[in-house]
Peer 1: 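Following this message is one structure expressed as structure tokens.
The figures here come from the full heavy-atom set of this structure, side chains too, leaving out hydrogens, waters and symmetry mates. First listed ligand is number 1; within each ligand, the first listed atom is number 1.
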Amino acid sequence: MTHHHTAPVRPRFAGTRYPRLAEIPAFTEFIASGWDDVAVHPTLPAGTAAAAASHRARLSAALPGKTLVVAAGAAPIRNDDAAYGFRADSSFVWLTGCQVEGALLVMWPAAGGHDAVLYLPRPFRPGDAGFFSDAAHGELWVGPSAGLPEWSDALQVTVEPLESLEVRHADLRGAQAARSAAPLATTAGASVSPELERTLSRLRMVKDEWEITQLRAAVDATVGGFAAVVAEVPRAIADSLGERWLQGTFDRHARTFGNGPGYSTIVGSGAHAPILHWVRCDGPILPHAALLLDMGVETHSLYTADVTRTVPAGGTFTSAQRAVHDLVEKAHRAGLEQIRPGTPYLDFHFAAMEVVAQGLHDWGLLPVSVDEALSPEGQQHRRYLACGIGHHLGLDVHDCSQAHYEDYMGADLEPGVVMTVEPGLYFHAHDLTLPPELRGIGVRLEDDILVTESGSEVLSDGLPIDADGIEQWTRGHLGSGA
Ligand code: GLY
Ligand code: MN
Ligand code: MN
């Protein structure tokens, strides 16, 4: 088909500039009215407000007389007005239960403790210019949102509009700010306080009953996610969908049954399994390879699980994969045995490492004796396990990371601590110290453990840890691939 051009006409819109809506009274008047009221109440997991109140009381007792500022933070901008997904700061959530972007908590010193005030950005409603122009808080962009009275009611805390803090900057001079509140600290003459960060990390290390309930839910949803992922393995193989398909399967599960993945989902098939943070996931699922899955669901309350299993993609481990798995399991059990109140935190690490070093030595892989390797001057076994093999777990996958050494690595375990134990062996495909049959095998076992009054409880024991059990579980969940 050809186009027949007639005589050129002056385009109808030539010279017309794009209208700036906010500057057009006829428009702003028209859009300001004629909207029904929509009542929106925040939906929060039951018990959120009470848990946050008790966390504030603990912080108040730990830092009496100090003005404390903690912020929800803001999503980093990707470009223009497209931001990365917002996820509120963990200490802010711990203290408030609130996940509103841009919100601030100030704990003002008062007789007998602190008065907590939550400063929230108001949603822009009809009549506000932001209603149609503000992509972050305009209801035309984000939908009808809870107002300040509704937040105050849901969180049982004093709520004031964010602007009312702006006029109180003088009162914030000398306040202790968390890192999340660094921008405000700079403008208001407060300072980012390592003492506050350290204190928050120390306090957050012991979980209360409500937090333990959240963590149990995170782990349970994660176990369900493992089943959902393994069910997709045959399809990922048959249709050449690869690691990405399984990563996406878990992420969809996490987003559907929680807030989302608690950290970047790791899916490593074969030679990718030894790569510690294999989140690129651009490889195929190899039918006879071991498949390492490190995945965690974050609940709506933002507590996350962190679980790893290494499964045979075809349902049966090779003898080499099984030998590596057996050694990792032995190290894992040795680590788990150390988890109980009163035990030095690092005992699980040393116990697991003894097993690893001995096993590697038995396989002729260590250039020195077991004792030399285990000594602080040796550590040759760590070539095959260079990462940490456990950490505190909670709102953050690596929880309480601002704690001092003596409060964390150097502390004794106490009831309410939740932590991971996660030994592994990472035999890279290009590691020339290894016999060919071990190259390209990576195995990690990672469980989430609660320290109880009498010992410990493995929260993630819905998944087996022994090779036989894992094979059986995997075969029971592998889908048909049809
Ligand atoms: N998935 C991160 C970790 O295991 O620590
Ligand atoms: Mn971990
Ligand atoms: Mn992990």
Peer 1: Examine all N, O or S atoms of Asp306, backbone included, and report whether one is under 2.8 Å from the Mn ion (ligand 2).
Peer 2: yes
Peer 1: Note the single closest protein heavy atom to atom 5 (O) of ligand 1, along with its residue, its atom name and the distance in Å.
Peer 2: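 Residue, atom and distance for the closest contact: His398 NE2, 2.6 Å.
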Peer 1: Just distances here: any N/O of Glu422 and N/O of ligand 1 closer than 3.5 Å?
Peer 2: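 Yes, since at least one N or O of Glu422 sits under 3.5 Å from an N or O of ligand 1.
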Peer 1: Centres of the His253 and Phe257 rings: under 6.0 Å?
Peer 2: yes
Peer 1: Is it the case that the side chains of Asp306 and His391 hold a donor-acceptor pair, with the cut-off being a distance below 3.5 Å and no angle test?
Peer 2: yes
Peer 1: Looking only at distances, please establish whether an N/O atom of ligand 1 is found under 3.5 Å from an N/O atom of His391.
Peer 2: yes
Peer 1: Is there a donor-acceptor contact under 3.5 Å linking the side chains of Asp448 and Thr420?
Peer 2: no
Peer 1: Go through it in stages, so that I can follow the logic: the residues are Val93 and Gln99, the test is side-chain contact (heavy atoms from CB on, under 4.5 Å), and I'd like the CA-CA distance, side-chain angles, deciding distance and then a yes or no.
Peer 2: CA-CA 6 Å; Val93 171; Gln99 299 181 31; 4.1 Å; yes
Peer 1: For ligand 1, indicate whether the residue Thr420 contacts it via side chain, backbone, both or neither (heavy-atom separation under 4.0 Å).
Peer 2: neither
Peer 1: Looking only at N, O or S atoms in Glu422, which is nearest to the Mn ion (ligand 2)?
Peer 2: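 Relative to the Mn ion (ligand 2), the closest nitrogen, oxygen or sulfur of Glu422 carries the name OE2.
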Peer 1: Checking side-chain polar atoms at under 3.5 Å, does His300 have a donor or acceptor matched by the opposite partner on Gln214?
Peer 2: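 No, no side-chain donor-acceptor contact under 3.5 Å.
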Peer 1: Rounded to the nearest 0.5 Å, what separates atom CE in Met419 from atom NE2 in His392?
Peer 2: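 If I round to the nearest 0.5 Å, the distance is 6.5 Å.
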Peer 1: May I ask you to list the atoms of ligand 1 that are less than 4.0 angstrom from any heavy atom of Glu446?
Peer 2: 4 (O)
Peer 1: How far is atom 3 (C) of ligand 1 from its nearest protein heavy atom, and which residue and atom is that?
Peer 2: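 Here the closest protein heavy atom is Asp306 OD2, 3.2 Å.
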Peer 1: Quick one: do Asp399 and Lys207 make a salt bridge, cutoff under 4.0 Å?
Peer 2: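 So Asp399 pairs with Lys207 through a salt bridge.
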Peer 1: Can you tell me if His391 has an N, O or S atom under 2.8 Å away from the Mn ion (ligand 2)?
Peer 2: yes
Peer 1: Does Glu446 put an N, O or S atom under 2.8 Å from the Mn ion (ligand 3)?
Peer 2: yes
